[in-house]
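Heads up: the structure comes next, in structure tokens.
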Amino acid sequence: MLLPMQTNTTPNTAHAIKLADRVSLWLFAAAGAVIAAWVAWSAVTRIIEVLPNRDVAVLATFAGTPAEAPIGPDGAPVPVALDQAVLTVPALPVASQWAIVIQQLVLMVAVIVGVAALVWLIRNVARGVVFCRTNTVLVATAGFVGLAGFIAVPFFGNMAANGGFAVLSERTFDNVIMSVDPFALVLWAFAVALLCTVFSIGERLQRDTEGLV
Amino acid sequence: MAPAEIEDGTDVHCRLDELLEERGLTLTRLAEIVGVTVVNLSVLKNDRARAIRFSTLQAICRALDCEIGELLVLRPRG
């Protein structure tokens, strides 16, 4: 008879990790909680700032657009290639305004879910439970939520910036850029897939060798 | 793939207790001779092992001067 797959997250003193490692893990967890709280606070602040839709500051990415900066002798203007700038838009189109709200919500959810999954993982690892079904699911959740945020946050930011460009240039300025760095995305996706594979293989090995003498 | 569970009403019983008693050995002494931890031998003795390495089996049988069939027997499930 094949037994149903079980999730075992019972503390395992035989595989208990060293105190120093446990302290480091909990420090990471504390740092994660602080980051999550800070991101949630800034997201809410940003949403409150954007909702009235008056003089909204929007971060825009440029594709090397020529501009002038006062960095010459006595503040003389010098031509520079613009990479990023904050645009102050009198009133954003509704779609762009909501793009910022969605961007902030996605960011907040991605960070909170990711950090919660990692803190749960840290708790299990600190108790000596490394490879189990729960940890595999936690790693996959943190990884895929992080990846989704990595794609969605710049995408909605780009939508908002395009709205800003449209208002300021009366639809005469075209700024075609990719919102996500494909190289970084591939690297992150590879790292997430690798971690998920490692945890699921570890889980299977642990199950296969349980009770082996 | 994990091996299938056998459902024939029998269990593998390890006779380590009896063999140790017959030879006047303790689990700790056997662990020293065989080079396996007392915890692992205890798992084996209490029928909680789910698999055994050939090397462990060979070392125990050599230390106890017995056959594999004397150490491991099939018995009806209780």
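Scope of the values below: all heavy atoms of this structure, side chains included, with no hydrogens, waters or symmetry mates. First the proteins, then the strands, lettered A, B, ... as listed; each starts at 1.
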Is [X] reaching over with its side chain to a backbone N or O of [Y], donor-acceptor style, under 3.5 angstrom?
| X | Y | answer |
| --- | --- | --- |
| Gln103(A) | Pro154(A) | no |
| Asn135(A) | Phe199(A) | no |
| Asp11(B) | His13(B) | no |

Any Leu168(A) side-chain heavy atom under 4.5 Å of Phe173(A) side chain: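 No - every pair of side-chain heavy atoms lies 4.5 Å or more apart.
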Phe155(A) atom CZ, over 12 foreign heavy atoms within 6.0 Å: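 Count not over threshold, so no.
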Closest contact, heavy atoms only, Val44(A) versus Met108(A):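 Closest approach of Val44(A) to Met108(A), heavy atoms only: CG2-SD, 4.2 Å.
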Which atom of Val86(A) lies closest to which atom of Ala57(A), heavy atoms considered: CG1-CB, 3.8 Å
Residues of residues 56-72 of chain B within contact distance of chain A, non-hydrogen under 4.5 Å: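 So far as heavy atoms go, Thr56(B) are the residues that approach chain A to under 4.5 Å.
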For chain A, which residues of residues 38-47 of chain B have heavy atoms nearer than 4.5 angstrom: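 Answer by number: Asn40(B), Val43(B), Leu44(B).
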Electrostatic pair Arg29(B)-Glu32(B), nearest N-O below 4.0 angstrom: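 Between Glu32(B) and Arg29(B) there is a salt bridge, with a charged N closer than 4.0 Å to a carboxylate O.
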Stepwise salt bridge (Lys or Arg N to Asp or Glu O under 4.0 Å) test for Glu49(A) and Arg46(A): CA-CA 5 Å; Glu49(A) 182 186 294; Arg46(A) 176 75 172 139; 2.8 Å; yes
